[in-house]
Participant: 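A single structure is presented below for examination.
Each ligand, and each atom within it, is numbered from 1 in the order the structure gives. We're numbering straight along the sequence, starting at 1. Just so we're clear, the structure is a prediction, and the values are computed from it rather than from any experiment.
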Amino acid sequence: MTRERTQVGIVGAGPAGLLLSHLLALAGIDSVVVESRSRAYCEARQRAGLLEEGTVRLLRAAGLAGRLDREGLEHGGIYLQFSGERHHLDFRDLVGRAVTIYAQTEIVKDLIAERTSAGAALHFDVSGTEVADLGTDRPLLRYTDASGNRHEVGCDVIAGCDGFHGICRPAMPDGLLTVAERAYPYAWLGILADVPPSTDELIYCRHPNGFALHSMRSPEVSRLYLQVPPDEDIEDWPDDRIWAELRHRLEVPGWELEEGPILEKSVTPMRSFVAAPMRSGRLFLAGDAAHIVPPTGAKGLNLALADVSVLAAALIALVRDSRSELADAYSETCQNRVWRATHFSWWMTSMLHVTPGGDEMPDRNEMEAQLQLSQLRYVTTSRAAATTLAENYCGYPPLC
Ligand code: FAS
Ligand code: PHB
């Protein structure tokens with residue numbers, strides 16, 4: 001067992017862990033990041049694609065937006081589609097703001113490149129990660145490195161940035177956490193396709209067969225999603241079936257969906273999950289380790305980075321300046337934004353997805369359908385309603 005020291009031990013090299021390590025380094029605070037997957041896996045993992053303006057500003061202020069500013073696609077709105085009609089919501093007109101398409105994979109690549117060039121202690125392919133002595137002022141982070149050597153790192157603080165399935169949230173003391181959770185009776189089948197997008201901005205579509213979303217990654221690569229049953233097997237969806245269903249749900253008169261080779265496809269379950277508090281002693285949770293939102297509101301990644309901007313300031317004050325007030329307020333400071341994003345993501349999901357099981361409960365589905373269509377007609381005809389959607393989609397409260 002090799003014994004080491006650092007100021008902040010970080011579990012997880014997803015966007016949250018990597019950005020936290022970078023922001024701490026800018027303030028002269030050293031950290032050790034341990035990641036169970038390989039660098040290649042982390043860089044290739046298809047996830048989020050859309051950044052709020054505040055997230056872009058946060059990355060720019062941290063010196064991480066060079067490629068983002070060159071390659072990101074700024075969008076001034078979205079389309080909402082239902083009953084064969086496609087309506088544009090103009091965010092710039094409604095709230096004077098925009099969003100940016102820049103994939104999470106690219107953010108992770110940029111962050112890993114930066115941390116690596118800075119000589120950061122960033123360890124991939126670790127196993128046996130453990131956290132201990134969290135109630136003391138010298139918590140321990142233990143892990144086995146890719147060569148099989150066991151390490152124990154004495155830390156001032158440990159940041160659990162290890163996602164929904166990580167070890168840090170379960171390491172919180174029994175009985176401390178309050179968990180609010182909702183599972184949805186559907187999932188998203190997502191594809192990455194080597195074909196130029198058939199739209200200039202995202203199309204969110206409610207169709208009687210289920211939700212569909214046309215997003216993108218670049219002028220050459222499209223990202224599209226289909227609502228499917230929660231336990232759907234991707235093997236039941238050959239490429240031609242995916243394109244046929246996307247065409248069926250998305251096409252409107254005078255518009256056609258361009259198809260192309262599918263580069264990647266997967267099924268993602270959907271849930272809302274919030275755990276509080278996000279701190280216990282010297283352990284702090286950030287990102288998916290503390291909360292999960294259905295991706296309909298494009299909030300997951302933005303929320304994770306918003307947590308980190310608050311956590312970095314708190315840990316700099318605590319570890320460098322011996323001031324604890326920001327750390328003491330960390331969880332409460334994050335929770336307001338967490339619940340706003342959780343509510344908006346649930347609202348968008350409930351408005352656009354069709355609850356399966358129509359045959360058994362036709363009355364309930366007719367009521368659900370009419371409520372959803374009324375909400376969609378309201379949002380696409382009332383400036384007040386459209387402004388509410390635009391304000392939340394672009395990020396509320398604005399991050400910085
Ligand atoms: P992450 O899960 O990204 O990172 C946690 C890291 O910790 C992982 O690399 C994991 O390997 C590592 N780890 C876990 N346990 C460990 C251990 N014991 N030891 C060491 N390392 C460990 N958000 C959107 O806004 N739009 C989307 O379309 C969207 N699609 C998604 C699709 C999927 C399949 C998933 C799972 C999430 C999606 N999200 C989406 C949400 C996603 O973008 C998250 O919000 C974002 O990845 C959160 O970042 P982190 O908190 O860093 O967690
Ligand atoms: C994506 O491009 O992956 C994306 C965009 C918006 C969403 C969800 C996913 O709401």
Participant: Hey, do the aromatic rings of Phe273 and Phe164 have their centres closer than 6.0 Å?
Facilitator: yes
Participant: Indicate, with yes or no, if the rings of Phe82 and His87 have centres closer together than 6.0 Å.
Facilitator: yes
Participant: Residues in side-chain hydrogen bond (donor to acceptor under 3.5 Å, both in side chains) with Arg138, at least two apart?
Facilitator: Asp156
Participant: For ligand 1, what are the residues with a heavy-atom contact below 4.0 Å?
Facilitator: Val11, Gly12, Gly14, Pro15, Ala16, Val34, Glu35, Ser36, Arg37, Arg45, Arg47, Ala48, Gln104, Thr129, Cys161, Asp162, Gly163, Gly166, Ile167, Tyr225, Thr268, Gly287, Asp288, Pro295, Ala298, Lys299, Gly300, Leu301, Ala304
Participant: For ligand 2, list the protein residues that place a heavy atom within a distance below 4.0 Å of one of its atoms, sorted by chain and number.
Facilitator: Arg47, Gly49, Trp188, Leu202, Tyr204, Leu213, Ser215, Arg217, Arg223, Tyr225, Pro295, Thr296, Ala298
Participant: Identify the two heavy atoms, one from Thr105 and one from Arg45, that lie closest to each other, and give their separation to 0.1 Å.
Facilitator: CG2-O, 3.1 Å
Participant: Please tell me if the side chains of Leu20 and Val33 come closer than 4.5 Å, counting only heavy atoms from C-beta onward.
Facilitator: no
Participant: For a quick test of your reading: what N or O donor-acceptor pairs under 3.5 Å do the side chains of residues 300-312 make, sequence neighbours left out?
Facilitator:
residue, atom, partner, partner atom, Å
Asn302, OD1, Glu52, N, 2.9
Asn302, OD1, Thr55, OG1, 2.7
Asn302, ND2, Leu50, O, 3.0
Asn302, ND2, Ala298, O, 2.9
Asp307, OD2, Gly287, N, 2.8
Asp307, OD2, His291, NE2, 2.5
Ser309, OG, Ala306, O, 2.7

Participant: Can a salt bridge be assigned to the pair Glu325 and Arg323 using a cut-off of 4.0 Å between side-chain N and carboxylate O?
Facilitator: yes
Participant: Classify the ring geometry between Trp188 and His353 as parallel (under 30°), tilted (30 to 60°) or perpendicular (over 60°).
Facilitator: parallel
Participant: Rounded to the nearest 0.5 Å, what's the gap from CG on Leu224 to CD1 on Ile191? Could you check?
Facilitator: 5.0 Å
